Q: 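First, the structure itself, so that you have it in front of you.
Computed from a predicted model, the values in this text were never measured in an experiment. The chains referred to below are lettered A, B, ... by the order of the sequence lines, with proteins before strands, and numbering in each begins at 1.
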Protein chains: 2
Amino acid sequence: MIRLSRLADYAVVLMSHVAAAKTEVHNAVDIAAATGLPAPTVSKVLKALAHRGLLVSQRGARGGYALARGAHAITVADIVSAIDGPIALTHCLKSGAGACEVEQGCPSRSGLNRINTAIRSALEAVTLADVSTPMPALPSRAVAGPEMRAQP
Amino acid sequence: MIRLSRLADYAVVLMSHVAAAKTEVHNAVDIAAATGLPAPTVSKVLKALAHRGLLVSQRGARGGYALARGAHAITVADIVSAIDGPIALTHCLKSGAGACEVEQGCPSRSGLNRINTAIRSALEAVTLADVSTPMPALPSRAVAGPEMRAQP
DNA sequence: GCTAACAGGACCAAATTGGTCCTGTATGGC
DNA sequence: GCCATACAGGACCAATTTGGTCCTGTTAGC
């Protein structure tokens with residue numbers, strides 16, 4: 001089902017929570033309590049996000065995490081790739097060209113690659129600010145325009 | 001990494017192979033040999049594809065599989081959802097609204113849902129015929145148009 | 001100096017996935 | 001009419017991956 005890993009899903013929720021009140025620093029246990037997610041796992045995800053530069057961390061007493069940039073400068077692609085690594089549909093595409101051991105039967109790579117870039121663009125098009133807004137009239141028509149057809 | 005399951009990946013390759021010479025019926029072991037994939041697994045995938053109506057099967061001696069429709073009438077979304085079930089990014093979205101147990105911390109659902117539809121559109125935009133063509137000048141500009149922005 | 005909180009691991013448990021195999025059934029050829 | 005071939009539909013096992021927990025530093029405030 002083209003699954004996003006659960007940790008990546010958590011990451012989006014956590015980032016969204018931090019973005020909701022960006023003036024304050026939030027510590028890991030508070031965020032975990034607010035979101036209802038298991039605290040050690042939340043801590044792990046936050047550490048990864050800080051490591052990738054999406055959050056800034058303040059150590060010591062009264063420490064915590066805050067957004068490194070504005071919410072509109074962080075895309076969902078940033079968050080997902082921070083947790084799950086590079087965004088790729090298949091192992092072939094992830095490992096780069098030539099790494100596919102059954103390449104003889106893979107004329108489909110170009111088509112899949114096309115889909116891959118489309119998905120990446122979709123993730124890059126939505127920022128954390130978009131995600132945080134409750135329900136902004138949902139312009140579903142604009143999500144995937146008719147220009148997306150592969151062969152115009 | 002937003003992974004497609006390996007079986008779904010196989011399915012695209014197999015369908016592409018069958019589409020390459022659609023006049024003939026292909027049996028499972030031949031397809032497996034041609035693609036270099038493990039035969040029992042290929043058989044399993046083909047059975048699933050036939051069950052979902054993407055392939056028609058002919059039982060008995062000289063039997064095999066053939067495309068149920070033309071290659072341009074089968075989208076990658078059809079193939080993927082035949083193997084992996086409905087296309088959804090998160091468990092929440094897959095299970096429908098209200099099924100999320102941490103819904104209190106999920107104002108992000110609308111944004112993720114937007115991404116979800118974008119990805120589904122991307123998969124629906126590419127047909128098996130597109131995938132089968134070796135490398136059709138690759139109009140990468142047209143893959144994800146600027147109209148895809150969430151907030152125009 | 002003490003406590004609170006992050007950093008960075010190691011590590012285990014469990015769920016999912018991928019792969020194999022077996023039995024039945026239908027079909028075509030001899 | 002019989003037999004070989006090939007799909008149908010399961011059960012089932014193995015292994016990779018993922019999610020979750022915990023422990024030991026280290027830093028910063030009070």
Q: Work out which heavy atom in A68(A) is nearest to a heavy atom in G53(A); give both atom names and the distance.
A: CB-O, 3.3 Å
Q: Rounded to the nearest angstrom, tell me the gap between atom CD1 in I83(A) and atom P in dG19(D).
A: 10 Å
Q: Any donor-acceptor pair under 3.5 Å linking the side chain of S81(A) with the backbone of A77(A)?
A: yes
Q: CG of D30(A) versus P of dA5(C): gap in Å, rounded?
A: 8 Å
Q: Please tabulate, one pair per line, each protein N/O and nucleotide N/O from nucleotides 22-26 of chain C that are separated by under 3.5 Å, including the distance.
A:
from    : atom 1 : to     : atom 2 : distance (Å)
dG24(C) : N2     : R59(B) : NH2    : 3.1
dT25(C) : O2     : R59(B) : NH2    : 3.0

Q: Less than 4.5 Å apart, side chain to side chain, heavy atoms only: is that true for T127(A) and I74(A)?
A: no
Q: So does N27(A) get a backbone contact from the side chain of D30(A), meaning a donor-acceptor N/O pair under 3.5 Å?
A: no
Q: Report which part of the nucleic acid L7(A) touches: base, sugar-phosphate, or nothing (heavy-atom distance under 4.0 Å, all strands).
A: sugar-phosphate
Q: Measure from the side chain of P38(A), starting at C-beta and using heavy atoms only, and say which of dG29(D), dG19(C), dT21(D) lies closest.
A: dT21(D)
Q: To the nearest Å, how far apart are N27(B) CG and dC7(D) P?
A: 5 Å
Q: Counting heavy atoms from C-beta on, name the nucleotide in dA5(C), dC7(D), dG8(C) closest to the side chain of H51(A).
A: dG8(C)
Q: Output yes when a side-chain donor or acceptor of D78(A) lies under 3.5 Å from a complementary backbone atom of T75(A), and no otherwise.
A: yes
Q: Between atom CG in L46(B) and atom P in dT5(D), what is the gap in whole Å?
A: 20 Å
Q: Is any side-chain heavy atom of M15(A) closer than 4.5 Å to a side-chain heavy atom of Y65(A)?
A: no
Q: So do the side chains of V76(A) and L128(A) get within less than 4.5 Å of each other, counting heavy atoms only?
A: no
Q: Determine whether L49(A) and V45(A) make a side-chain contact, defined as any pair of heavy atoms from C-beta on separated by less than 4.5 Å.
A: yes
Q: Among dG28(C), dG19(C), dA7(C), which nucleotide sits nearest the side chain of Y10(B)?
A: dG19(C)
Q: Select one nucleotide: of dG28(C), dC7(D), dG19(C), the one nearest the side-chain heavy atoms of K44(B).
A: dG19(C)
Q: Just how far, in rounded Å, is P of dT17(C) from CG of L37(B)?
A: 19 Å
Q: Which nucleotide in the set dG19(D), dT27(C), dT20(C) lies at the smallest distance from any side-chain heavy atom of T41(B)?
A: dT20(C)
Q: Can you tell me if the side-chain N/O atoms of S43(A) get under 4.0 Å from OP1 or OP2 in dC6(C)?
A: no
Q: Given dA8(D), dT21(D), dT20(C), which nucleotide is nearest the side-chain atoms of P40(B)?
A: dT20(C)
Q: DNA chain D: A8(A) or Q58(A), which has the more 5' nearest nucleotide?
A: A8(A)
Q: Please state how far atom CZ in R62(A) lies from atom P in dC6(C), giving the value in whole angstrom units.
A: 12 Å
Q: Rounded to the nearest Å, what distance is computed from the OH atom of residue Y65(A) to the P atom of nucleotide dT27(D)?
A: 15 Å
Q: Once you round it to whole Å, what is the distance between C1' of dG19(C) and CG of D9(B)?
A: 16 Å
Q: For dT16(D), does either OP1 or OP2 sit under 4.0 Å from a side-chain N or O belonging to R6(B)?
A: no
